[in-house]
Visitor: 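Let me begin by handing over the structure; questions about it come next.
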Amino acid sequence: MLKIQTIRIYQHSQPQGYRILVDRLWPRGISKIQAHLDYWAKDLAPSPALRRWFNHDPEKFETFQIRYQSELQQNPAQKAFVDLVQQQLAQQDVLLLYAAKDTQHNQALVLQHFLQAALI
């Protein structure tokens with residue numbers, strides 16, 4: 001069964017799949033060649049205001065999830081993105097790449113849950 005995975009872009013060994021960067025800002029120290037991206041979903045990343053408010057504070061993560069999911073639901077690009085992910089899942093795993101150091105509290109996890117719920 002094919003799946004949606006979240007992967008830190010700086011991780012050395014990465015599984016094969018359709019690679020989507022889910023950060024609005026390009027990750028430091030990674031060249032476009034090193035990234036091997038198939039798609040950059042910067043329009044679906046949290047808004048700059050929400051990203052600055054969250055500031056990767058684990059104590060704010062629960063509220064961040066609610067606010068980011070609300071942004072996703074209102075985002076006009078969301079439907080096409082869900083369709084793209086669904087098309088890719090028919091052929092391969094989808095990898096949501098992010099730069100945050102915290103692997104438990106980041107937007108890629110929220111987007112992964114959002115996509116899984118949308119694809120049921």
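The figures here come from the full heavy-atom set of this structure, side chains too, leaving out hydrogens, waters and symmetry mates.
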Visitor: Membership question, hydrophobic clusters at under 4.5 Å side-chain separation (ILVMFWY): are Y18 and V85 in the same one?
Guide: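 Same cluster: V85 reaches Y18 through Ile, Leu, Val, Met, Phe, Trp or Tyr contacts under 4.5 Å.
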Visitor: If I take atom CD from residue Q11 and atom CG from residue L97, how far apart are they, to the nearest 0.5 angstrom?
Guide: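 Between atom CD of Q11 and atom CG of L97 there are 9.5 Å.
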Visitor: Distance check, rounded to the nearest 0.5 Å: L89 atom CG versus L84 atom CG?
Guide: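 Those atoms lie 9.5 Å apart.
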Visitor: Check H56 against A100 and note the closest heavy-atom contact, atom names and distance.
Guide: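 The answer is CE1-CB, 3.5 Å.
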Visitor: Donor-acceptor pairs under 3.5 Å, side chain of residues 110-120 to any protein atom, not counting sequence neighbours: which ones?
Guide:
from : atom 1 : to : atom 2 : distance (Å)
Q112 : NE2    : I4 : O      : 2.7

Visitor: Working to the nearest 0.5 Å, report the span between CZ of R8 and CG of N106.
Guide: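 Going from the CZ atom of R8 to the CG atom of N106 covers 10.0 Å.
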Visitor: S70: what forms a side chain to side chain contact (heavy atoms under 4.5 Å, CB included) with it, not counting sequence neighbours?
Guide: Q74
Visitor: Could you grab the distance from atom CG of L44 to atom CD of Q107, nearest 0.5 Å is fine?
Guide: 11.0 Å
Visitor: Tell me, please, which residues at least two apart from P58 pass side chain to side chain contact (heavy atoms under 4.5 Å, CB included).
Guide: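 Side chain to side chain contact (heavy atoms under 4.5 Å, CB included) check on P58 returns D102, H105.
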Visitor: Should we say atom CD of Q91 is surrounded by more than 12 heavy atoms from elsewhere, each under 6.0 Å from it?
Guide: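 For Q91, atom CD is crowded (more than 12 foreign heavy atoms under 6.0 Å).
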Visitor: Which pairs, with at least one residue in residues 36-50 and sequence neighbours excluded, count as a side-chain hydrogen bond (donor to acceptor under 3.5 Å, both in side chains)?
Guide: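 Found S47-E71.
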Visitor: Same cluster or not: L37 versus Y10, using hydrophobic residues (I, L, V, M, F, W, Y) connected whenever any side-chain heavy atoms lie under 4.5 Å apart?
Guide: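 Yes; tracing contacts between hydrophobic side chains, which count when under 4.5 Å, links both residues.
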Visitor: Which residue pairs pass the salt bridge (charged side-chain N to carboxylate O under 4.0 Å, His left out) test when at least one of the two sits in residues 15-35, sequence neighbours left out?
Guide: none
Visitor: So, using side chain to side chain donor-acceptor pair (under 3.5 Å) as the criterion, who are the partners of Q5 when residues are at least two apart?
Guide: D93
Visitor: The criterion is ring-ring contact (aromatic ring centres under 6.0 Å, His included); which residues satisfy it with Y98, sequence neighbours excluded?
Guide: none
Visitor: If you look only at pairs with a residue in residues 65-93, which of them pass as a ring-ring contact (aromatic ring centres under 6.0 Å, His included), with sequence neighbours excluded?
Guide: F64-Y68
Visitor: Apply side-chain contact (heavy atoms from CB on, under 4.5 Å) to the pair W53 and R67, showing each step before the final yes or no.
Guide: CA-CA 11 Å; W53 171 84; R67 291 180 182 180; 3.3 Å; yes
Visitor: Do I7 and W26 belong to the same hydrophobic cluster, where Ile, Leu, Val, Met, Phe, Trp and Tyr are linked whenever their side-chain heavy atoms lie under 4.5 Å apart, directly or via other members?
Guide: yes
Visitor: Tell me every residue that passes salt bridge (charged side-chain N to carboxylate O under 4.0 Å, His left out) with D83, counting only those two or more places apart in sequence or in another chain.
Guide: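 Listed in chain order: K79.
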Visitor: For I20 and A41, work out which heavy atoms get closest and say how close.
Guide: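 That would be CG2-CB, 3.8 Å.
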Visitor: Do N55 side-chain atoms and D57 backbone N/O form a donor-acceptor pair below 3.5 Å?
Guide: no
Visitor: Could you report the tightest heavy-atom contact between A99 and I9, atom names first, then the distance?
Guide: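 Distance-wise, the nearest heavy atoms are CA-CG2, 4.1 Å.
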Visitor: What residues, two or more places apart in sequence or in another chain, satisfy side chain to side chain donor-acceptor pair (under 3.5 Å) together with Q88?
Guide: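 Partners of Q88 by the side chain to side chain donor-acceptor pair (under 3.5 Å) criterion, ordered by chain and then number, come out as Q92.
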Visitor: How would you list, by chain and number, every residue that makes a side chain to side chain contact (heavy atoms under 4.5 Å, CB included) with L25, sequence neighbours excluded?
Guide: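 Here the qualifying residues are R51.
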Visitor: Considering all heavy atoms of both residues, which atom of A108 and which atom of V22 are nearest to each other, and what is their separation?
Guide: CB-CG2, 3.8 Å
Visitor: Partners of S13 by side chain to side chain contact (heavy atoms under 4.5 Å, CB included), sequence neighbours excluded?
Guide: none
